[in-house]
Student: 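Here you go, one structure.
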Amino acid sequence: MTNHPLTEGMNPQQRQAITAGEGPVLVLAGPGSGKTAVLTRRIAWLIREHRVPHHHIMAVTFTNKAAGEMRGRVEALLGEHLRGLQVSTFHSACARFLRADAELLSYGRNWVIYDSDDQLALIKRVLKVLSMDADTASARHMMNTISRAKSELILASEYQARHYAEEIVQRVYLAYQNALENANAMDFDDLLLNMVLVLKRNPVRRAYYQGRFQQVLVDEFQDTNTVQYELVKLLAAPQNNVFVVGDEDQSIYAFRGADYRNIARFRRHYAASQQHLLEQNYRSTSHILDFARTVIDHNPNRTPKALHSDLGAGARVRLEEVYDNDLQAEYVLEHIQKLRQRQCLDYKDIAVMYRSNWLSRAIEQMLVREQIPYVMIGGVSFYKRREVKDMLAYLRLVFNPEDGSSFGRVINTPARGIGDKSVASFHAWAADRQMAQGEALVRIRELASAALPTTARNRIRAFANMWAGWREQAARGELVKLFDRIYAETHYEAHLLKISESDEQFDERKENVVEIWRMLGRAEELGQSLGDFLVEQSLYADVDDLEEGDDRVTLITLHSAKGLEFPAVFIVCVDESVLPHRRSLEEPGGLEEERRLFYVGITRAERFLLLNYTLYNGPSRFLFDLPRRLLDARPAVLNMLGAGDRLEAPTQWARPSELNSRIQRDLRIGKVSTPNQELRKKIRPYTGNAPSSDRDARFKVGARVSHPSFGAGKVIGAPDRFETVSVLFDEHGLKKILADADGFTALDE
C-alpha cells in the first residue's frame, strides 16, 4: 500500500482515508493537513482501484475555481481527460439537473435563473403590490429572510409565523414565490430546494440519480446548509457511498447559511461511518499550532484534534498592547521591517489580517507613506469605499465651493430629489450670470426667485442652506462638530441602512464613516485646519501610483483568508467588541463562530504570528488564559491576561464526559484514526465549575427571567466568565444580557 503511486508521500492517516472501503466516510481535516490532496486522490483511487466509472462519481465544492482545480488534479493523477466526471458546485450541478426535471415541478422548459438584482427588483414590486415599504433596505432584509427559509427547506406554503414580523414575511414569501413561478423563474436558492423536491416527490427520478452516482464526495462539508445536506443524503442513498471532508473548527460562514452541526448530523445519520482525523499539519510550527488549539478548545460541540507538526517549535507568538489604530499601524511597520531584515522575508510572505475592513485604513496609510507595495484581498481600499468617498466629498465641498466633482457626488446623496436635470438647470442658470459654483450656491439662498423650475430651486436652496451652515462650522475650526452636523443633517445613517445588503454590511459601512470621524478628531487635536486634513488624506488616497508587482504585503479580512497561508501573519485589533464582534453576542452561536474565525486566522501562519490589541477596547476575551510559554509579550500584558504556565488550557465542551468517552471509544475500536496517542492524551475536557454565587443560582439554565426591554424569557446559557447570560425571550428571540443589568431579574415559579 505504501508504494502505491496514489498514496505516495501521504502519511498513514491520509492513506487510510484515501483507501477507505465502501460506505460513508467522514474525514475531519485540521488546517494545513492536506485535505485537498486526500480528496482528489480519493477520487482517483475510486476510479483506478475500485473500478468506479468516472461518470458515476459526483464531487461537489463551493466555488467554480475550486471545482476546476479539483478536476485538473484528478486528471493529472490519472494522466487522462475524464469527460463526464461530475465535479462542480452545488448550484451548478442542480441547475444542470433541473434542465431535465423542472417540468416535474410545473416549470416550463424555458425557465430562467434570477440573480440577486432580479430578486431584489421582484421583491420591491411585491412589496408595492402589498402596500408595504418597498425601499432597498426593506427589500434586501426580506430577500435575506426568504433565502434563509429556503436554505432550511421551508417552503412558502409551510412558513410558520410566530409573531407579527414573521406574518409579514409569510405574506411576502408567498407573493414572491408566486411571482417567480408566474415568471417561470427560479432564484439561486430555488435551484437547490427544487432539486430536493424532485428527489423527494418523484421516485423514478430519485432512482435514476441514485443509480447514476455510485459515489458522492463533498469538500468543505462544514460549510453546507440544511438543503445541501439533504441533497447529499438523497443522492448518496441507498448505497450510502458518501465521502465528506470538513472541519467544525473552520466553519465561519453562518451568515451565508452554513451550519457546522451538519458534521454531527452526519455522524447520527450514518452511525456506522468510518472516521479519519487528519492531524498532521504541514504548514505551521508547533508554537503556532499549540496556540491555535488553546484558543479553539474553548468551543463546545467539536471533535478535539491533536494538531502537530514536524516543522519544529518555531518562534513564540508575539502579542503587543498598543494605544490606538495608528500606533497599531506603526507596530506593523516596525515588525515588517524586522521580518525582512532579520528573517529575509519578502513582502509577499507577509499578510495583515483584520476582522473588519475599516481596520485597514491606518495600515494602508502607513504603507503608502513608506512606499511599501501592497494588495488588498476580499475588500476595497479604504479610500475607494463608497461611504468614505461620500463623506470626504462633503468635506471637500465645504472647503472648496468650486469643487464640481464633489458637488456632483453629494448634491443627491443621500437622495433628496435633485436629479441630473435639476443640476444641469442650476449650472446653466449660474453660467448665464457668469457665477462660479460657490457664488451660485450663495446667491440661490438670497434670491426670492431664480430662473429655475420651482421644485429644483427649492431643493437646491435647501441644500445650499445646509452647506452654508457647514462652512460657518468649518471656519471656527470645529472639525468634529462639522462632521457630526453633516452626518445628522443629511440623514446619512438612514442612507447607509438603505444601501446595505445586511446588518453586517451596515455595521461595516458605519465603522468606515466613524473612522473618518476619529481621523478628524486627531486632526483637531493636532491643530490642523480642514484644508490641512484634506491635503493629507488626498496623499494617502492616491494609492494607485504604488509600483505594481508580485512582491506586495497582503491586506485581507479574516473571512477572506481561509485557504491561504503565509510565512508571517499579523492579526490586528484583537479587541473585545471587534473580535469577537459585538453583534456576535446577540446571535445564537455567534461567539463560537467568532472564535473559529480567530482560529482560521491563526492557522494561516507558517512561521511567525504577531497579534495586537488596542487600549481603546481592551483585549479580546479570546486572549485570556493563554499558555505563557507560547507568548512573547511584556510581563505586564501576560499578568493582565492571566497567562498560565501549562500547555493544557481547560476546554469547555457540552456534555464533556459523554464526548470524551465517545472519542475514547472510537479510538479503542479503531473507528477514528489518529497519529499520536500521546498528543491526544493531552486534550482533556473541562468539567466546569459548580455555581459560585447567588447570581449563578438565580440565572441557572431553565430559569424564567424578565427584562425591562425584552420582556419574559428563559435562560438557555448560565453566566459565563464575562457575566453574560444567554436568554431566549418569548417575543425578541435570543439575547445575551449582563447578569447585573438594571431590571434583569429571575421570576419565581
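Only this structure's heavy atoms are used, side chains among them; waters, hydrogens and symmetry mates stay out.
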Student: Do E592 and N299 have a side chain donor and acceptor closer than 3.5 Å?
Tutor: no
Student: Got a second to check how far R607's CZ is from I288's CD1, nearest 0.5 Å?
Tutor: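 Rounded to the nearest 0.5 Å, the CZ-CD1 separation comes out at 9.5 Å.
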Student: Quick one: ring-ring contact (aromatic ring centres under 6.0 Å, His included) partners of Y487, sequence neighbours excluded?
Tutor: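 Y487: no ring-ring contact (aromatic ring centres under 6.0 Å, His included) contacts found.
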Student: In a check of side-chain contact (heavy atoms from CB on, under 4.5 Å) between F598 and each of I296, T603, V295, I252, which one passes?
Tutor: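 Going through I296, T603, V295, I252 one by one, the side-chain contact (heavy atoms from CB on, under 4.5 Å) with F598 is satisfied by V295 alone.
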Student: Flag the pair F291 / H287 as yes when their ring centroid distance falls below 6.0 Å, and as no otherwise.
Tutor: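 Distance test on ring centres: not under 6.0 Å, no.
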Student: When you measure from the side chain of R596 to the backbone N and O of S251, does any donor-acceptor pair fall under 3.5 Å?
Tutor: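 The answer is yes, because a donor-acceptor pair under 3.5 Å joins these two groups.
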Student: Is there side-chain contact between E69 and T36, with at least one heavy-atom pair below 4.5 Å?
Tutor: no
Student: Can you tell me if E330 and Q328 form a side-chain donor-acceptor pair at under 3.5 Å?
Tutor: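 No pair is found: no donor N or O on one side chain lies under 3.5 Å from an acceptor on the other.
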Student: Without hydrogens or angle criteria, can the side chains of Q365 and R369 be said to hold a donor-acceptor pair below 3.5 Å?
Tutor: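 No, because no side-chain N or O of Q365 sits under 3.5 Å from a partner of the opposite role on R369.
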Student: Any chance the side chains of R628 and N639 put a donor and an acceptor closer than 3.5 Å?
Tutor: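 Judged by distance alone, the side chains do pair up.
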Student: Name every donor-acceptor pair, under 3.5 Å, that has one atom in a side chain of residues 339-348 and the other anywhere in the protein, sequence neighbours excluded.
Tutor:
| residue | atom | partner | partner atom | Å |
| --- | --- | --- | --- | --- |
| D346 | OD2 | K348 | NZ | 3.0 |

Student: Run E594 and R355 through salt bridge (Lys or Arg N to Asp or Glu O under 4.0 Å) and show every step you take.
Tutor: CA-CA 9 Å; E594 292 289 297; R355 172 61 178 84; 3.0 Å; yes
Student: For D223, run the side-chain contact (heavy atoms from CB on, under 4.5 Å) check against Q250, K562, Q228 and tell me which one passes.
Tutor: K562
